Amino acid sequence: MSATTTLADTGQVPRRLRTLVRRAERQHLTKMLALMAPSVVFVALLFVVPIALFLFRSVDNVEIPKYLPSTVAEIGQWHEGEMPPEGVYRALTEDLIALKGEPEAAVLGRRLNYSVPGFRGLVTRTVRQLPDTVPASARDLLAGIDERWLDPVYWATLKQQSGRITDFYLLSAMDLQRGTDGAITQVDETQAVFLSLYGRTLYTSVGVTVICLLIGYPVAAVMASAGPAAANWLLMLVLVPFWTSLLVRTTAWVVLLQTEGLVNKILIYLGIINEPLSLMFNTAGVFIAMVHVLLPYMILPLYSVMKGVSPVHLRAASSLGAPPVTVFRTVYLPLTIPGIAAGCTLVFVLSVGFYVTPALVGGPSDQMIGYFIAYFTNSAVNWGLASALGAFLILVIAAIYLVLGKVVGFDKLRVR
Amino acid sequence: MNAIASIPGKSQIEDPIVRFSGVRKSYDGETLVVRDLNLDIVRGEFLTLLGPSGSGKTTSLMMLAGFEAPTEGTISIGGKDVTALPPHRRGIGVVFQNYSLFPHMTIGQNVGYPLRVRGTAQDEIDKRVMEALEMVELGAFGDRRPAQLSGGQQQRAALARALVFRPDLVLLDEPLGALDKQLREQMQYELKRLHEELKVTMVYVTHDQTEALTMSDRIAVFNDGRIQQLARPADLYENPQNAFVAEFVGENNRLSGIVTGVGENSVQVDVGGAAVVKARTSSRFAKGEKAVLSLRPERVAVAQAGKWENDFTVDIDKVVYLGDINRLLLRFAGGSEFAVRVANVGSGPAYKRGDSVRIAWRQADCLAFPAE
């Protein structure tokens, strides 16, 4: 105490001292940064940047400005409620002539088709039939090729989607559309898929998380209270699934759960059921396989927290007059909440993004958002929509994490 | 002292609060941690179970609390057999060595816990929690979390929690073990004060013999799963019943030799190096038998004139400066280490290695036990 007071009182010594301390801290910081640099560079280059670029695709509108540059420049002159002026028709005709025989025509057609079904056919047909030069009336030319060029819907779409940035994919991912008048409305019930998809994804993830918690909690508690030898064995049994690939395990479930599979055969042999249960290609199969895959992620954080709960606390509670159930409710459960929070967060976040397991074990109506992201990335090549779905997935998870963090405390969400 | 001072050193008494009868405990089915424990605990006494680690003292306490079940024998509290009763129905307050306060509750909630699980009304809980906290001088700390308290404060809060539901019996499992020396001494007095104020029965486990001597009405010395001696502190120190007790309680010089002469309650023992020591004994010896002698360092007179039954001149091997005293390590009885104390009074001779010094002690201060 007295030493620090003296130092603070004499003006010069502390300044020197502060410089020395600061220098030492700077050296320490430099060392830490140097040690972390490889991983930071790796993550930034191969993870953060690609994800950011891909997320940008959800608002990126590259095709229309790129392939229809003159049209985009001219279309501002057109006001809705009247027919487009000749200049706009001419610009589009020039743009389309430039695309003649080029594969980009198909790319443009596909992009326009997202907004208005049938637009693709209109574009390809027009491009095919266009002459090499623009005649006196471009409007008559286009209307002659296809009457739809007289329908303002197509022009409204072109005008709406002429910007470099579009909200089209984000709206689609929410089952919303922007009408020709610019108002945002819900899409037709027959076309609405994504909201129920989010609902199903959340429902499945919450269900799997709850089942994992109910099954995993007692296991973790037994492991934490077992002797070291038994605990090691149990830990190994929990970890074995970790060492096998997810695909192999899911395929194994296919073998086990099918109508003629092992599970049904045993149940019939034991006389528990007469008819084979349908455990595959439905929600039950998805739950069974996902719980199995994700159980270790629940047990391990629970175990590590429970391991830290001192048995003295439990003894103290019971010596103070609390029966076992009260000891559990008032002492053990509150002390293991960090483990519950960490395990549930982990399992929930992982299951929200599940793809392979529902794809292999689930039916068509059990597919989760991951399946559709993969579908739009690989099969439909609608990367804009795929990344919009991904963006909302990230948003939902971030929101849940923030809410949990506020309720339980961020420090408790750590996985130890 | 209080009424408890008249407690006999016997293991069987009238109307005990706790009775262990024929209790044995084995964890692996092969070795006994507690062998044949028979012990009566007197209402209102402060009984200490003292012994080295692994002697069975903590296991005995845990069996009394109900955390461990005896392999054989019965434990009764207030005349009622509680051997099969779970801990939460025994109504015993327990204070643990490690900080056992619930980290997710405030100090007030911790202290109120035993009342809450008993369904006491909230205003009654508030009142008694405040009383209990004031009793351990933590009145202002009710809203703090355990982690915000020092080790000593945490143990005081744990004590308040174990006392707030007014149990007749409080068990303390090395509660001061984790505290530093100064705090430990302060807490000893505090515990003793509470014991006298509340008139509860306290059973205290420790391996620290000083703690046992300062606080206890009676001390049960444990070794090897057995009670070696059950006695009041002064009896234990003055008249240890065997060599283990003599050595474990207090500082002690141990000499071993062969009996060369036997008198009434006395023996002469050849301890080697041409030295024959006269000692008091309560055991029967025959000539030629092996004996162990026990002699407290403070009972040896150094360089004093006077008549003593045992009188030798020996060489100083080492002088250890301890501030208030100097400890002299002497070469005696053929080389075995022999310690004596000389008060550091500022004057008097300065002892140094290699000097010869006269040492002497009474026959009554030196005890002879049969060698095991």
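Predicted model, so just to flag it, every value in this text is computed and none were measured.
Heavy atoms closer than 4.5 Å to chain A are found in both the backbone and the side chain of F67(B). With a 4.5 angstrom heavy-atom cutoff, R116(B) does not touch chain A via any of its atoms. At a 4.5 Å heavy-atom cutoff, the contact between L101(B) and chain A is made by backbone atoms alone. There is no contact between S310(A) and chain B, counting heavy-atom distances below 4.5 Å. With a threshold of 4.5 angstrom between heavy atoms, R118(B) approaches chain A through side-chain atoms but not through N, CA, C or O.
No more than 12 heavy atoms of other residues, nucleotides or ligands lie within 6.0 Å of CE in M36(A), so this atom counts as exposed by the packing criterion. By the neighbour-count criterion of 12 heavy atoms within 6.0 Å, atom CD of Q182(B) is sparsely surrounded, having that number or fewer from other residues, nucleotides or ligands. Around the OH atom of Y27(B), the shell of radius 6.0 Å holds more than 12 heavy atoms that belong to other residues, nucleotides or ligands. No more than 12 heavy-atom neighbours from other residues, nucleotides or ligands sit within 6.0 angstrom of CG on D143(B). In the displayed structure, R89(B) atom CZ is contacted under 6.0 Å by at most 12 heavy atoms of other residues, nucleotides or ligands.
Between the CZ atom in R161(B) and the OG atom in S319(A) there is a gap of 7.0 Å [rounded to 0.5 Å].
A distance-only check finds a donor-acceptor pair linking the side chain of H104(B) to the backbone of T330(A) [under 3.5 Å].
Each of P167(B), P87(B), P114(B) was checked for a side-chain contact (heavy atoms from CB on, under 4.5 Å) with L320(A), and the lone residue meeting it is P114(B).
Looking at every heavy atom in both residues, P324(A) comes nearest to H88(B) through CD-CE1, 3.5 Å. Nearest heavy-atom pair, R315(A) versus F96(B), reported as atom, atom and distance to 0.1 Å: CB-CZ, 3.8 Å.
Using a 4.5 Å cut-off on side-chain heavy atoms (C-beta onward), P334(A) and M105(B) make no contact. By the 4.5 Å heavy-atom criterion applied to side chains, P103(B) and L335(A) are counted as neighbours. The shortest side-chain heavy-atom distance between V331(A) and Y113(B) falls under the 4.5 Å cut-off.
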